[in-house]
There are 2 protein chains.
Amino acid sequence: MSRNSYNIDIESVFEGVCGLFPNLKPEEREIMRNNITCQYFRKGEIIYKEGDTPHGLVCLSKGKVKLYKEGVGGRDQIVRMAKPIGFIGYRALFAEENYSATAEALEDSVVCIIEKNAFMGILRNNAELTLNILKSVATELGFSTNRTVTLTQKHIRGRLAESLIFLRDTYGLEDDGKTIKVYLSREDLANLSNMTTSNAIRTLSGFAEEGVIELDGRRIKILDHHRLERISDLG
Amino acid sequence: MSRNSYNIDIESVFEGVCGLFPNLKPEEREIMRNNITCQYFRKGEIIYKEGDTPHGLVCLSKGKVKLYKEGVGGRDQIVRMAKPIGFIGYRALFAEENYSATAEALEDSVVCIIEKNAFMGILRNNAELTLNILKSVATELGFSTNRTVTLTQKHIRGRLAESLIFLRDTYGLEDDGKTIKVYLSREDLANLSNMTTSNAIRTLSGFAEEGVIELDGRRIKILDHHRLERISDLG
DNA sequence: GTCATTTTATGCTTTCAAACATAAAATTAA
DNA sequence: TTAATTTTATGTTTGAAAGCATAAAATGAC
């Protein structure tokens, strides 16, 4: 398949992944190197599905990925946005559960997987590394709890403003210092902000009319960061 | 103070806490024993506040505790209900952050604290233990994400039904096999289910009229578990 | 026991966001 | 290219839950 003929430089990918693990011993590095595989995913392709069993630690080396859960009424809820270089699906791996969300590539992406047993073997003998991971999972639990409160208590405008700020902080801005460096559909934006697509479109138009943002298709320019933050804070 | 003259058997409390750590080495056990302190909290008292700095691993040995965050409009959101024997506030400890929620005793409670540095020192030398903790924090992150989806997407009846089931599963039932073994105010029930107190009261009355539950002050008897679960699942 | 405060209960009104209905614009496929 | 599909846009209607008002009941303080 053409997607596999796309040439991935596994060595540089591996180096990138290792950068996320400080103080890895040479033998641990070697184990990882021998148990890593790479895969290419095109925009829109599913990396794994909610309910699948994890077979290793998945690392996003290139591209952007959304993680979403199917909601009660079939409406999806985006629970995380991943950027390179970073891990996805680790929660399920560490909890020894199946994936609780689906991972879908938002752009053409490169993903590599460190085989489960090899990786867990390293953890079992490296308390410092495990403690580092514990720290980031604990941090993420904080984000998640916070998100529960804001998504349930803020009004539509506050939720959307928060999402835009979140996207800006996660993916950064283009060279113009204004355009958010990720191009989501209005539907994705809605699923991230817990609202219907119609309301995302409407509210976005509202922000544009007020001069807080500027819209150009999927490009969103933040014109007034301060005001956007105020909208987010007020709820 | 009379609350402190209340006699706590620290040895048995310590044994209880140790039961949560399987395979603790004798020297680790000794460190813990030398760095543990106990405290008694009466119903309604605050164990720690959102924003406080953790000084150790807090363990609830006796009683019941609610953990809540202050929401945007001043409305509280209960993010966790703790029961003995179990830990509270560990997320902040492991994330090296301040507490992200307030812990308040729902009944007279006994709490003990293992000093931070002593405990973290044990973790740094015990990968297996750290991995166990990582597993539970990862599991909890799953719960939290799930909760975000249900709290935002389910309707009032579904959310309240889910909370009742959650309370039943967390605290169990009285000997009659029906009464939920925790007695919350309508306001707490509302803050747990993301709704106003009025709506908690109204919806609860509705369930009682339909014969799904029976109310007697704060006592809630579940008459039809199956139907309650159906209400929760339908959203 | 009495008084004050908090909690519970219920009715009525308002409001925010969802649902629905089109239609224009932009992609994608043929 | 044209046709088909998806995405975006906007107006209108509907409905669920919040807000407000009031009162009864329960709890706690004195």
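By convention in this document, chain letters (A, B, ...) are assigned in the order of the sequence lines, proteins followed by strands, and residues within each chain are numbered from 1.
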Tell me, please, which residues at least two apart from A/Glu15 pass salt bridge (charged side-chain N to carboxylate O under 4.0 Å, His left out).
A/Arg29
With sequence neighbours excluded, residues passing salt bridge (charged side-chain N to carboxylate O under 4.0 Å, His left out) with B/Arg75
none
Under 4.0 Å between any heavy atoms, over every strand shown, what does B/Ser205 touch: base, sugar-phosphate, or nothing? Just pick one.
sugar-phosphate
Identified salt bridge (charged side-chain N to carboxylate O under 4.0 Å, His left out) counterpart of B/Arg91 within the set B/Glu97, B/Glu140, B/Glu96
B/Glu97
Within this structure, what is the [atom1]-to-[atom2] distance between [X] and [N], rounded to whole angstrom?
X: A/Asp216; N: D/dA9; atom1: CG; atom2: P; result: 11 Å
X: A/Ile201; N: D/dA9; atom1: CD1; atom2: C1'; result: 6 Å
X: B/Leu160; N: D/dA16; atom1: CG; atom2: C1'; result: 15 Å
X: B/Glu187; N: D/dT27; atom1: CD; atom2: C1'; result: 15 Å
X: B/Tyr183; N: C/dT7; atom1: OH; atom2: C1'; result: 18 Å
X: B/Arg219; N: D/dT27; atom1: CZ; atom2: P; result: 13 Å
X: A/Leu204; N: D/dT7; atom1: CG; atom2: P; result: 16 Å
X: A/Leu215; N: D/dT7; atom1: CG; atom2: P; result: 18 Å

Should A/Lys64 and A/Met81 count as side-chain neighbours, where that means a heavy-atom distance under 4.5 Å?
no
Rounded distance (nearest 0.5 Å) linking atom CG of A/Leu184 with atom CZ of A/Arg218
8.0 Å
Mark up nucleotides 14-30 of chain C, 5' to 3', with B wherever a protein heavy atom is under 4.0 angstrom from a base atom, S wherever such an atom reaches only the sugar-phosphate, and - elsewhere.
---SBBB----------
Whether A/Lys221 and A/Glu174 form a salt bridge (side-chain N of Lys/Arg under 4.0 Å from carboxylate O of Asp/Glu) is what I want to check.
no
